[in-house]
Amino acid sequence: MWGWWRFGKWTVLITFLHIIAILIFTKGFLLTRTELPHSSHCSDLSQSPCHSSPSSSSCWTKPAVDRLIIIVLDALRFDFVAPSSFFEEKQPWMDKLEVLQRMASENPSSAKIFKAIADPPTTSLQRLKGLTTGALPTFIDVGNSFGAPAIVEDNFINQLIQNGKRVVMMGDDTWTQLFPNHFNKSYPYPSFNVKDLNTVDNGCIEHLLPSLYQQDWDVLIAHFLGVDHAGHIHGVDSTPMIEKLEQYNAVLEKVIKELQNQSGPGKLHENSLLLVMGDHGQTLNGDHGGGSPEEVETSIFAMSFKDLPSLPSEFDSSSCEPSKNICISSIPQLDFAVTVSSLLGVPFPFGSIGRVNPELYALAVCTWNLDDDKTWNNQDQTKLEEWFQNYANVLCINSWQITLASSNKGIRLDIAAASSVIGFSSEDLFRISDLYSKADENWSYTKNLLSYKNGSSNTSLPVLKRQIVAYSNFLSYVAELARSKWTEFNLKMMGTGIGIMLLSLYCHTLAIKKLNKSYGVSLLSSRDSGISFGLMLTFFMVLIRAGSLLSNSYILKEGKAANFLLATTGIMTLRYSFIKNKMLIEAAIFLLLTFIFRIAIEVGLYKQAATSQFMSSSSSWMLGISISQSLWTYMAEIVPILALIILGYFLYKSISSCCWGIPKYVIMGTILSYFLIALHWISESNILDLAHFLKGFGKNCIPRLVYAITLVQLSLLAIVPMFSKEETSNCRGSLFVKMMSILSACSSTIIILQGKQGALVALGSLLAGYCMMRLQGIEQHTVSGTAGISILDPLPVLQWSLLAVCLLFASGHWCAFDGLRYGAAFVGFDEFILIPQAILLIIDTFGFSHILSVFGLPLFVAFPSPFNQTEHKSLFPIKLFWIFMVYGLITAITATATILCVTIQRRHLMVWGLFAPKFVFDVVGLILTDLLIFVASIYYFNGVEDRIGNAELRRLW
């Protein structure tokens, strides 16, 4: 291991620099927020300038509703609820929630559809935290989406419990994780098995309708998940999605009917409010997490069961569809917590920066008559003035809650700012204080006017309207300022991180330069005329790829851009093949494979591959051929199994020719795993009607058996070499055997997670690697070699790196949170267990592009190049380490370019929806590459002294 440490110390140093640089840069770039421990209390209101409620039983505001029913339909797109006439083109999933549209049309003053705008990132955890706290989300919370921590800052649910409200919850178990011990009754169901469309929904249906007859709750929350899971697995335009929407429509119709039946005077739901809402939207692929309009636009349907008048036009922001008599308003989700708190009469959450929405508030408290066909009477005018006064007082409390602390000694925004990385500037705080002071002074005047008025509403109504506008302007400014400051960055920390990354690149380059200088290898042309063409082309390609990351369009098409660069290098090698009239078949096959990968990337971007569903939904997409045709159905089932057979045959030939000892048994285990994978796919086939035993056995037992075989194989490869030495001096053969062993051991788990396209991607990458290996050094053959110097060409390493990027996209992934294939985490499992599911998701995401790519790098050393067969065996470990370092340098340059790009584009409109996820994926990929290179170097260098000879190595090292 002495020789390994001579090289490996550079890997350790570079990895350390990468980790430090990424941590520092992340601290300055990604949004983080300290959760405030403060909480609002009823007694706080005594120190406010606002009117106290005359009711002794109320707190901050007089309760407008007695019972609240919140039905959350996860991933509810806006066009699921709004009529299709609001959109340019009618789609199959539209108008399925017909009961909501009918209620909004028949009762426009008491039932309304809202377009709810969420703040990205749009993961379920962050949206639930935002909805209940009224605060802005933080990007860093995305990582907690698989293990939701309890919310410690003040929130709507906490205020309900503190003020004696009884809450019942059913559905998504994220609620019980966020709010442990908060519910009088709870019926949680596991939420992370995206393949399960019915368990959570059936549980909600089972408990929802019976609960409507019970009197032991004040707030009922039912969180359905079927639409979200149907989107993840099948997409929006799919039969399961439409079936789910139709099921929801039937459930909502029953709920509304029961509430209407019990809404008469003196009945249980006389003063109840129904909210049907989404936490976020979803793309057509069924994904969410970013900031695109499809993801941030969801809906809220609100319905009161009282006969209410229309809202005054000054506060009505609706856009209407005359043909259906439906009007739709817009509401930020930021306003939800304070609006619902005001309706229930509980204190607003301490950290909320939302505004009490007038249209949603009016659905529960409007009591006047504003019909144009009738003459106003004094009673209606008095009620209208009373509503304006109540709403102005609510906004006064709303503004005071945001501005003044309970002790009236500080500014709440200042408390929040002091807890953040950047905080608010003194100019910002002065502007906030000035706006609030003007609104407060105007409120004092308004109160005096109302106290001494002579009963004329002609004077009081305009004054109240101006007061409402003043408070609304203040609240809107605060929300706008908070959004801008929540996207503030610590440029010093970001600059420090960039500096350390540049230092790591210098160390990387220095290590390669020392290697070249010390051991007689060269990056130059074998003639002394200058730099080789391969080095120039590599430098040019890396520069183009790094520069492309400045554009959001190129990031969206990153897989296609990488494929184009890979094809360009293929054309150059084809040129040299024609010049020398050698390796023409390999060069042509390589170009053909780049075209095939281009098609695979197109399909992968069209619809992310979801285990075995991939071939049945996308196998014939490029040709536009219906999958219902029997020929293509059989091909979709048979071709992946044929690819597995070819892979198994190649492994069998490898062990029959040059494999011995433990590696032989490892590869035999992989062949067995391939057989089990084929059996697993057959058990899920719609063509073959197998016995029920096989179907049940294949679902979970086969994947777990494959995982177990992989663990045994990796354990043998890691442990056995510690206690036994290889009895061969064939360095190339030993390296090839080691490479085949580790690749075969990892491949079976990756393929079963990837689904049926996994075998095709694996076969394609194997053929591409073979062609690269055969073509390496073809440019060097065009000039006469120089004795004693080994010419190292970085072009094959660049091609391997570009192929790794293509494999990421060809396997149905992309660099965004909606590019994660969550269904892969449940291959072999029905329940969510954090650690196993996280490991499986990482293997699925980075299996081909990182794990197999790094461990496959010895391919360029294990086989001699047809154009350079004079290398001494002692140079093999040096060349292998050189290849590892060059590959790591290319990856580090790309990650550094990404860091520079997100710094430059930090004010870009798509920074959180596109650039930030790209940053996260690239830095995670960089650290993973560093760790894999570290592990791979130990694995491949183990025993190299014995095979080459200590004396020879010490002479070189």
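A donor-acceptor contact closer than 3.5 angstrom is absent between the side chains of Q91 and D79. A donor atom on one side chain and an acceptor atom on the other are found under 3.5 Å apart for E258 and Y213. N155 and T133 share no donor-acceptor pair across their side chains, judged by distance under 3.5 Å alone. For the residue pair E270/S263, the side-chain donor-acceptor check at 3.5 Å is not satisfied. A side-chain donor from one of D844 and H813 sits under 3.5 Å from a side-chain acceptor of the other. Using modelled atom types and a 3.5 Å distance limit, the side chains of D173 and T176 yield no donor-acceptor pair. Side-chain contact, H229 with D196: no donor N or O sits under 3.5 Å from an acceptor N or O.
Here D237 contributes atom CG and W93 contributes atom CH2; the two are 5.0 Å apart, rounded to the nearest 0.5 Å. Here the CD1-CE distance, from I300 to M277, works out to 4.5 Å after rounding to the nearest 0.5 Å. The CZ atom of F921 sits 10.0 Å away from atom CH2 of W814, with the distance rounded to the nearest 0.5 Å. Atom CZ of R127 is separated from atom CG of D74 by 12.0 Å, given to the nearest 0.5 angstrom. Separation of atoms CG (L268) and CG (L212) is listed at 8.5 Å; rounding is to 0.5 Å. Note that the CZ atom of R102 and the CD1 atom of I326 stand 11.0 Å from one another [nearest 0.5 Å].
The minimum heavy-atom distance between P349 and T132, with the atom names listed, is CG-O, 3.8 Å. Minimum interatomic distance between S186 and F183 (heavy atoms only, all atoms of both residues): CB-CB, 4.2 Å. When all heavy atoms of H269 and F305 are compared, the pair lying nearest together is O-CB, 4.4 Å. Closest of all the heavy-atom pairs between K112 and S329 is CE-OG, 2.8 Å. In terms of heavy atoms, M94 sits closest to S84 at SD-CB, 3.7 Å. Annotation for L275 and A302: closest pair CD2-CB, 3.5 Å, computed over non-hydrogen atoms.
Residue S342 forms a side chain to side chain contact (heavy atoms under 4.5 Å, CB included) with just one option from N357, V356, L360, and that option is V356.
Between R166 and D216, no side-chain nitrogen of the basic residue sits less than 4.0 Å from a carboxylate oxygen of the acidic one, so the salt-bridge criterion is not met.
Atom NZ of K90 is surrounded by more than 12 heavy atoms from other residues, nucleotides or ligands within 6.0 Å.
Distance alone, capped at 3.5 Å, is enough to place a donor-acceptor pair between the D201 side chain and the G226 backbone. Looking only at distances, a side-chain donor or acceptor of N184 sits under 3.5 Å from a matching main-chain atom of V167. Of the possible donor and acceptor atoms, none in the side chain of H280 sits under 3.5 Å from a partner among the backbone N and O of D119. With E295 contributing its side chain and Q282 its backbone, the two residues share no donor-acceptor pair below 3.5 Å. Side-chain atoms of D335 come within 3.5 Å of backbone N or O of R355 as a donor-acceptor pair. Side chain of T845 to backbone of L841: a donor-acceptor contact under 3.5 angstrom is found.
A ring-centre distance under 6.0 Å is found for H232 and H288. The aromatic ring centroids of F114 and F301 lie 6.0 Å or more from each other.
Residues meeting the side chain to side chain donor-acceptor pair (under 3.5 Å) test with W217, sequence neighbours left out: none. Residues satisfying the side chain to side chain donor-acceptor pair (under 3.5 Å) test with N198, not counting sequence neighbours, are K244. Not counting sequence neighbours, the partners of E294 by the side chain to side chain donor-acceptor pair (under 3.5 Å) test are R77.
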